[in-house]
Q: 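Below is the structure I would like to discuss, written out as structure tokens.
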Protein chains: 2
Amino acid sequence: MTRASGDGTVGKALQVLEEVAALGRPVRFGEVLAASDFPKPTLYRLIQTLSSQGMLDHDPETNTYTPGTRLVRLAHSAWRQSSLAQVARPHLEALSALTGETIHLAKLDSAQVLYLDKCNAEQPVEMYSDAGKVGPAYCTGVGKAMLAFLPEDEAQSLIEQQSFHRFTDHTLTSAEVLTAELTQIRANGYGFDREEHEPTIICVSVPILSQTLRVLGALSVTSTTQRTNLAGLEQHVGDIQKSAQTIAAEAQRWSFPDQVKQQETRI
Amino acid sequence: MTRASGDGTVGKALQVLEEVAALGRPVRFGEVLAASDFPKPTLYRLIQTLSSQGMLDHDPETNTYTPGTRLVRLAHSAWRQSSLAQVARPHLEALSALTGETIHLAKLDSAQVLYLDKCNAEQPVEMYSDAGKVGPAYCTGVGKAMLAFLPEDEAQSLIEQQSFHRFTDHTLTSAEVLTAELTQIRANGYGFDREEHEPTIICVSVPILSQTLRVLGALSVTSTTQRTNLAGLEQHVGDIQKSAQTIAAEAQRWSFPDQVKQQETRI
DNA sequence: AACTAAGTTTCATTAAATGAAACCTTGGAA
DNA sequence: TTCCAAGGTTTCATTTAATGAAACTTAGTT
């Protein structure tokens with residue numbers, strides 16, 4: 001059930017899509033060919049298929065490809081019914097108002113952290129600029145909070161996949177140190193980011209756990225060393241834990257197909 | 001190059017993904033089976049593949065599937081490098097501030113309108129609630145603006161695909177009336193939504209055209225009959241036309257792979 | 001415990017993907 | 001304009017994967 005690199009043709013097609021996305025700009029066939037291991041005609045037809053399916057957009061003027069708008073439409077649907085994001089929204093807003101800080105909602109995507117939402121007291125969210133973003137698990141508050149509450153074997157497997165790149169002086173750069181930290185987080189029920197990913201950026205984070213203690217995601221309150229310190233953030237622990245519990249309960253309820261809500265098509 | 005329903009296995013897999021997304025809630029295998037034409041083992045393996053690829057998320061507790069978070073990550077990338085959305089953002093904000101009204105950015109996705117962004121002067125945008133949303137082309141300002149500036153044959157083909165469902169008393173409900181309206185819009189260079197989709201909701205819209213007059217998207221200023229009227233909206237035409245031109249020029253420049261920007265991974 | 005519905009696997013068959021090579025097509029340069 | 005070369009597209013015999021009827025296993029009843 002883990003991400004396999006090659007499930008038949010579908011896996012290959014998605015790999016191509018990922019490669020185009022990774023290039024981060026409109027690319028020509030030849031550029032994808034150079035960046036990819038597929039033989040020319042195979043890649044050609046995969047790109048044809050993806051384009052014809054709207055998963056890649058083709059600009060006939062520059063003869064370039066970009067990830068397609070069908071993805072945006074599908075992601076809208078994914079986000080909408082990701083029980084977590086849907087249900088968590090009002091809680092993020094409440095927490096943001098209560099703490100005056102930035103609130104993050106994230107979940108695990110393979111060994112990485114995927115941010116689902118962000119709520120900032122001051123400036124309005126720049127749409128899509130944060131949701132969908134990925135980050136490292138070993139040096140972010142939300143990442144560590146989730147790793148700490150995973151079953152031993154799963155956590156171990158994900159820890160092995162971390163890069164342990166040193167972003168700052170405070171980055172935990174080995175599996176051993178991280179594991180010790182995770183034990184601590186598990187004991188406390190919450191964790192910190194002590195400027196481990198970006199200088200001056202600190203946060204306190206809690207996991208969102210289902211009734212069966214499965215890790216659904218994580219919440220964090222982020223601030224800077226100019227504004228506050230770890231002790232200051234620690235005061236919010238009660239609030240975010242309560243929110244995390246409520247979100248988990250609501251998400252669980254939402255998952256059961258008892259209410260068949262019609263999708264809203266108007267804007 | 002138009003959306004084909006079945007390009008091999010990839011097309012089928014995406015069809016399944018679309019079906020799960022359309023159900024709009026966590027679904028079990030059996031439900032997808034009932035909603036789908038695929039034989040049981042085929043559908044089973046397609047769902048397996050999609051899950052293993054992260055395009056579907058599987059909840060082991062309820063044994064249900066939802067569109068996967070990988071979509072959110074890919075869409076982030078798609079949105080980021082959709083030259084239009086990226087480039088248009090500051091212009092939407094400026095227009096919103098200037099007019100005090102809601103600004104929409106949309107593009108065509110097959111015969112439908114896909115909203116890429118929205119900017120509201122008063123309340124901050126609810127993330128993902130609007131971007132990714134689809135709407136009808138024949139009864140929205142942005143839809144008509146785009147149809148009006150399409151090549152004759154393309155427009156004809158898309159007009160034939162419209163449902164012409166009557167949403168309000170003002171909805172244009174036949175290809176003939178719509179075609180006449182489009183001629184008018186083409187002559188004027190801008191169009192209106194006269195409460196055609198939702199009562200009291202009116203807007204003025206312009207296409208975003210490339211230098212070769214290809215339709216890239218559309219912009220609209222939306223308001224209500226309580227706040228203003230068509231004549232009031234018409235005053236904004238000059239501003240949004242200027243923005244549309246600037247956006248087109250910037251998007252075009254952006255499309256040429258001269259600047260290789262590294263993707264930002266921090267949050 | 002017996003039953004039923006839901007989900008999963010098997011395997012011979014069928015269909016699709018593959019890629020080396022050849023073939024177009026487009027945009028420069030002579 | 002003609003030629004050339006790089007980028008893009010098609011062919012076709014071969015390989016590989018997808019297919020689905022039926023059989024099987026599992027989970028959830030009655």
Side-chain angles (χ1 to χ4, degrees), chain A residues 1-20 23 25-53 55-66 212 214 255-258 260, chain B residues 1-20 23 25-53 55-66 211-212 214 252 255-258 260:
Chain A
M1 201 56 87
T2 38
R3 182 79 46 86
S5 48
D7 293 282
T9 319
V10 175
K12 287 170 198 164
L14 291 172
Q15 194 183 322
V16 171
L17 190 56
E18 209 73 60
E19 283 164 355
V20 173
L23 288 167
R25 63 196 153 79
V27 281
R28 306 189 54 157
F29 169 71
E31 299 179 73
V32 188
L33 182 61
S36 162
D37 285 335
F38 295 106
K40 197 161 38 152
T42 300
L43 182 69
Y44 179 73
R45 274 166 317 197
L46 286 172
I47 287 180
Q48 289 282 311
T49 304
L50 288 168
S51 299
S52 132
Q53 291 290 334
M55 301 297 279
L56 283 177
D57 279 349
H58 180 235
D59 181 334
E61 269 165 47
T62 56
N63 204 26
T64 55
Y65 299 88
T66 42
T212 60
R214 200 160 52 86
S255 279
F256 285 96
D258 41 20
V260 185
Chain B
M1 203 56 84
T2 38
R3 182 80 46 86
S5 44
D7 298 276
T9 319
V10 176
K12 287 170 201 166
L14 290 172
Q15 194 182 325
V16 171
L17 190 57
E18 207 73 60
E19 283 165 354
V20 173
L23 288 168
R25 62 195 155 79
V27 280
R28 307 188 48 148
F29 169 70
E31 300 179 74
V32 188
L33 181 61
S36 162
D37 286 334
F38 295 106
K40 198 167 28 157
T42 301
L43 182 68
Y44 179 72
R45 277 166 314 198
L46 286 172
I47 287 179
Q48 290 282 312
T49 303
L50 288 169
S51 298
S52 131
Q53 290 290 332
M55 300 298 279
L56 283 177
D57 278 351
H58 180 236
D59 181 334
E61 269 165 46
T62 57
N63 203 25
T64 54
Y65 298 89
T66 42
Q211 286 166 328
T212 59
R214 201 160 51 89
Q252 210 105 19
S255 279
F256 284 95
D258 40 22
V260 184

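Quick note on labels: first sequence line is chain A, next is B, and so on, each numbered from 1. These figures come from a predicted structure and were not determined experimentally.
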Q: Check whether the ring centres of B/Tyr65 and B/Phe29 lie less than 6.0 Å apart, and answer yes or no.
A: no
Q: What is the distance, rounded to the nearest whole Å, between atom CZ of B/Arg28 and atom C1' of D/dT26?
A: 12 Å
Q: May I have the distance from A/Glu31 (atom CD) to D/dG7 (atom P), rounded to whole angstrom?
A: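 One finds 10 Å between P of D/dG7 and CD of A/Glu31, rounded.
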Q: Taking protein heavy atoms under 4.0 Å as touching, what does nucleotides 8-24 of chain C look like 5' to 3' if B marks base contact, S marks sugar-phosphate-only contact and - marks none?
A: BB-------SBBBB---
Q: Taking the side chain as every heavy atom from C-beta outward, state whether A/His58 and A/Thr66 have any pair of such atoms under 4.5 Å apart.
A: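 No. Closest side-chain heavy atoms not under 4.5 Å.
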Q: Roughly how many Å is it from CD1 in A/Ile47 to C1' in D/dG8, rounded to a whole number?
A: 11 Å
Q: Starting at CD1 of B/Ile47, measure out to CG of B/Leu17 and round the result to the nearest 0.5 Å.
A: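 Going from CD1 on B/Ile47 over to CG on B/Leu17, the span is 10.0 Å.
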Q: Heavy atoms, side chains only, cut-off 4.5 Å: are A/Leu14 and B/Val10 in contact?
A: no
Q: For A/Gly11 and B/Gln53, which heavy atoms make the closest approach, and how far apart are they?
A: CA-NE2, 3.5 Å
